[in-house]
Amino acid sequence: MLIGVPKEIHHDEHRVAVTPQSAERLLKLGHSVVVEAGAGGMANITDDAFREAGANVLPDGRAVWEQADLVLKVRPPEPHPTHGAHEAELLRPGGHIISFILPAQNPDLLQRLQARNATVLAMDAIPRISRAQKCDALSSMANIAGYRAVVEATALFGRFFGGQTTAAGSMAPAKVLVIGAGVAGLAAIGAAGRLGAVVRAFDTRLEVRQQIESLGAEFLELDFEEDGSGEGGYAKVMSPAFIEAEMDLFAHQAMEVDVIVTTALIPGKPAPKLITASMVQSMREGSVIVDLAAEQGGNCELTEPGEVVVRHGVSIIGHTDLPSRMAEQSSLLYANNVFHLVDELTSEADGSINVDMGDEMIRGATILMAGELTWPPPATKAPATAAPPPAAAGGQAGPEVEVKDKGLNDGIRSAITMLVGGAILYGIGLYAPASFMVHFTIFVLSCFVGWQVIWNVAPALHTPLMSVTNAISGIVVLGPLLMVSDSSLTVVVLATAAIVLATINIAGGFVVTQRMLQMFRTS
């Protein structure tokens with residue numbers, strides 16, 4: 001299969017859909033790669049780098065479109081400034097394309113692609129499921145946007161982010177408010193925290209509190225019993241009462257903080273207005289607002305998409321190309337996302353494209369299938385629930401009777417288990433020496449306590465808990481160290497084996513613990 005990579009023509013778009021590294025991986029899958037000359041120039045990737053990776057470089061962009069079986073892009077197709085045609089019309093009939101599509105905002109584009117009988121997969125429609133994380137370009141680009149938002153803010157903020165005490169005087173740290181703790185928000189929190197700022201964050205989803213606090217930020221919580229967790233990892237629309245309380249919180253915070261980073265956005269919907277003109281006016285002169293939702297209208301009422309404006313002494317950054325401002329890094333991550341999707345589509349040995357509509361990830365990303373509109377995908381079916389049992393005689397509900405019976409049965413089983421265990425211990429005690437019984441009783445109790453401790457821990461915590469437990473349990477190495485010099489060969493062999501196993505416990509436990517801790521740290 002021939003994969004084509006045209007040069008991006010969107011204004012201020014510097015990314016490229018394939019890098020030399022991903023081109024090499026595509027070639028190993030058995031595909032051929034052709035790249036338009038200069039496609040990676042703005043991302044510091046030369047044509048020679050593509051040639052060294054094994055890709056062909058063509059000076060004519062039209063030829064890339066017309067020859068390729070599969071076109072890989074970043075931005076949605078748009079009118080080409082030099083070819084005198086829309087990019088969708090350059091795609092070969094029945095061709096395939098993978099890029100950001102934004103189907104809800106581009107109905108005209110979908111019609112053009114339908115006319116070419118195209119099969120279209122949108123990187124912005126990848127479902128938020130565990131298996132699809134390797135293809136999740138929205139998250140990888142949001143991570144860069146959040147980091148870059150803080151970089152842009154530091155460029156316009158007139159002071160240090162971190163506090164300092166010098167002979168010339170003391171400087172208080174900047175106060176940063178991040179609204180929205182998705183991927184972009186968490187990246188902004190981490191970047192601002194590393195610069196020494198005092199960071200506060202707000203999100204309607206209560207489950208992100210631990211993520212915010214793990215990055216050293218303060219979680220701002222409303223005294224309001226409503227959770228904003230929605231489908232696909234995005235926040236849902238809140239009640240009017242909650243929104244009123246939320247806006248009051250933002251109004252008070254605007255008067256205190258120096259920098260506000262807003263990230264509230266649901267793909268395909270206008271950005272909610274969270275920062276009003278009066279809030280901007282209440283901020284101190286020299287403050288900065290970075291609006292990551294600018295492309296969809298912005299979270300701030302005074303945001304100008306694509307522009308940096310100063311209103312009431314406050315700089316409002318409305319850049320819509322934040323990932324593109326780090327084009328080299330963005331291209332590397334995006335190319336990896338695209339490669340994984342292509343790998344899923346071409347798993348057959350012959351290298352042909354197989355759009356498996358039975359695959360949840362592929363189905364969710366597919367916008368057009370051979371010219372047929374397949375977007376939006378059907379909603380994921382919720383697991384069926386069992387019908388409640390009929391009411392029991394006497395008006396007693398069946399489920400309640402079942403719960404009571406279950407509790408009674410569990411109690412009986414526990415009593416029988418304890419009686420049997422006690423009888424076994426008593427039987428052993430009749431014949432075993434007293435010293436053995438002391439050690440055996442401690443062994444049995446430790447097994448029981450250990451089982452209960454592990455059983456009552458959430459599965460998500462098993463790995464860090466067991467790694468620490470293994471490291472601590474390595475203290476048993478003291479026993480075999482004392483016994484290794486025994487005169488009995490059997491004892492020496494067993495003691496040596498015990499030392500080896502205990503050492504593995506100690507070293508492995510600490511290594512795994514360190515890796516778990518690194519997950520909550522930023523480089």
Side-chain angles (χ1 to χ4, degrees), residues 1-11 13-20 22-27 29-43 45-51 53-103 106 108-123 331 334-335 338-339 341-342 345-346 348 350-355 365-373:
M1 178 177 68
L2 181 61
I3 296 175
V5 186
K7 183 178 180 180
E8 297 294 326
I9 59 174
H10 189 81
H11 178 64
E13 181 54 70
H14 300 156
R15 292 171 291 179
V16 62
V18 171
T19 62
S22 67
E24 287 183 0
R25 299 170 72 186
L26 290 169
L27 291 169
L29 293 179
H31 308 305
S32 300
V33 179
V34 58
V35 181
E36 182 179 354
M42 299 304 294
I45 302 174
T46 63
D47 292 340
D48 288 338
F50 280 114
R51 292 189 183 98
N56 293 324
V57 178
L58 296 181
D60 184 8
R62 180 184 286 271
V64 173
W65 280 95
E66 294 175 348
Q67 295 179 18
D69 301 302
L70 170 63
V71 173
L72 303 181
K73 272 182 54 62
V74 179
R75 289 280 185 168
E78 58 186 83
H80 202 287
T82 59
H83 295 327
H86 197 285
E87 285 183 311
E89 297 168 354
L90 299 177
L91 183 68
R92 61 186 297 182
H96 299 70
I97 183 170
I98 296 176
S99 73
F100 281 101
I101 297 296
L102 308 175
N106 294 314
D108 178 66
L109 173 61
L110 296 185
Q111 291 180 4
R112 292 178 182 272
L113 291 169
Q114 278 185 292
R116 306 296 290 179
N117 292 323
T119 297
V120 180
L121 285 90
M123 295 302 293
S331 297
Y334 182 77
V338 171
F339 166 78
L341 182 56
V342 173
L345 290 169
T346 59
E348 300 297 330
D350 60 0
S352 60
I353 300 176
N354 177 28
V355 182
T366 304
I367 307 300
L368 291 174
M369 179 68 172
E372 179 182 352
L373 184 65

Chemist: Nearest 0.5 angstrom please: L109 CG to Q114 CD, how far?
Modeler: 10.0 Å
Chemist: Does the side chain to side chain contact (heavy atoms under 4.5 Å, CB included) test come out yes or no for L58 and Q67, once each step is laid out?
Modeler: CA-CA 11 Å; L58 296 181; Q67 295 179 18; 4.1 Å; yes
Chemist: If you measure from NE2 on H10 to CD on E87, what distance do you get to the nearest 0.5 Å?
Modeler: 11.0 Å
Chemist: Just wondering, do N56 and S32 contact through their side chains at under 4.5 Å, heavy atoms?
Modeler: no
Chemist: Rounded to the nearest 0.5 Å, what separates atom CG in L110 from atom CD1 in I101?
Modeler: 7.5 Å
Chemist: Quick one: which of E78, H83, R75 gives a side-chain contact (heavy atoms from CB on, under 4.5 Å) with I9?
Modeler: E78
Chemist: Between D69 and R92, is a side chain to side chain contact (heavy atoms under 4.5 Å, CB included) present by the stated rule, with each step listed?
Modeler: CA-CA 8 Å; D69 301 302; R92 61 186 297 182; 2.8 Å; yes
Chemist: How long is the span from the CD1 atom in I353 to the CD1 atom in I98, to the nearest 0.5 Å?
Modeler: 7.0 Å
Chemist: Less than 4.5 Å apart, side chain to side chain, heavy atoms only: is that true for V35 and R51?
Modeler: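 V35 vs R51: side chains apart.
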Chemist: Is any side-chain heavy atom of L72 closer than 4.5 Å to a side-chain heavy atom of V342?
Modeler: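 Answer yes - side chains close enough.
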Chemist: Report the C-alpha distance between R116 and E89 in whole Å, list the side-chain angles of each, state the deciding distance to 0.1 Å, and finish with yes or no for salt bridge (Lys or Arg N to Asp or Glu O under 4.0 Å).
Modeler: CA-CA 7 Å; R116 306 296 290 179; E89 297 168 354; over 6 Å; no
Chemist: Show the numbers, then the answer: is there a side chain to side chain contact (heavy atoms under 4.5 Å, CB included) between V355 and T119?
Modeler: CA-CA 9 Å; V355 182; T119 297; 3.9 Å; yes
Chemist: State, to 0.1 Å, how close L90 and W65 come at their nearest heavy-atom pair, and which atoms those are.
Modeler: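 That closest heavy-atom pairing would be O-CB, 3.5 Å.
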Chemist: Which atom pair, heavy atoms only, marks the closest approach of G38 to D47?
Modeler: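 The answer is N-OD1, 2.9 Å.
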Chemist: Calculate, to the nearest 0.5 Å, the distance between atoms CG and CG belonging to L121 and L341 respectively.
Modeler: 5.5 Å
Chemist: Check L27 against A53 and note the closest heavy-atom contact, atom names and distance.
Modeler: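 Heavy-atom minimum between the residues: CD1-O, 3.1 Å.
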Chemist: Does any non-hydrogen side-chain atom of S331 lie less than 4.5 Å from one of V16?
Modeler: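 Yes - at least one pair of side-chain heavy atoms lies under 4.5 Å apart.
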Chemist: Looking only at heavy atoms, what is the nearest atom pair of V57 and F50, with distance?
Modeler: CG2-CB, 4.1 Å
Chemist: Let me confirm one number: the OG1-CE distance from T346 to M1, rounded to the nearest 0.5 Å.
Modeler: 5.0 Å
Chemist: Can you find a pair of side-chain heavy atoms, one from L373 and one from L368, that are under 4.5 Å apart?
Modeler: yes
Chemist: Please name the pair of heavy atoms, one in P6 and one in K73, separated by the smallest distance, quoted to 0.1 Å.
Modeler: CG-CG, 3.7 Å
Chemist: What are the two closest non-hydrogen atoms of E8 and R15, and how far apart are they?
Modeler: CG-O, 3.3 Å
Chemist: Going by heavy atoms in the side chains, are P77 and L91 under 4.5 Å from each other?
Modeler: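 Side chain of P77 against side chain of L91, heavy atoms only: no contact under 4.5 Å found.
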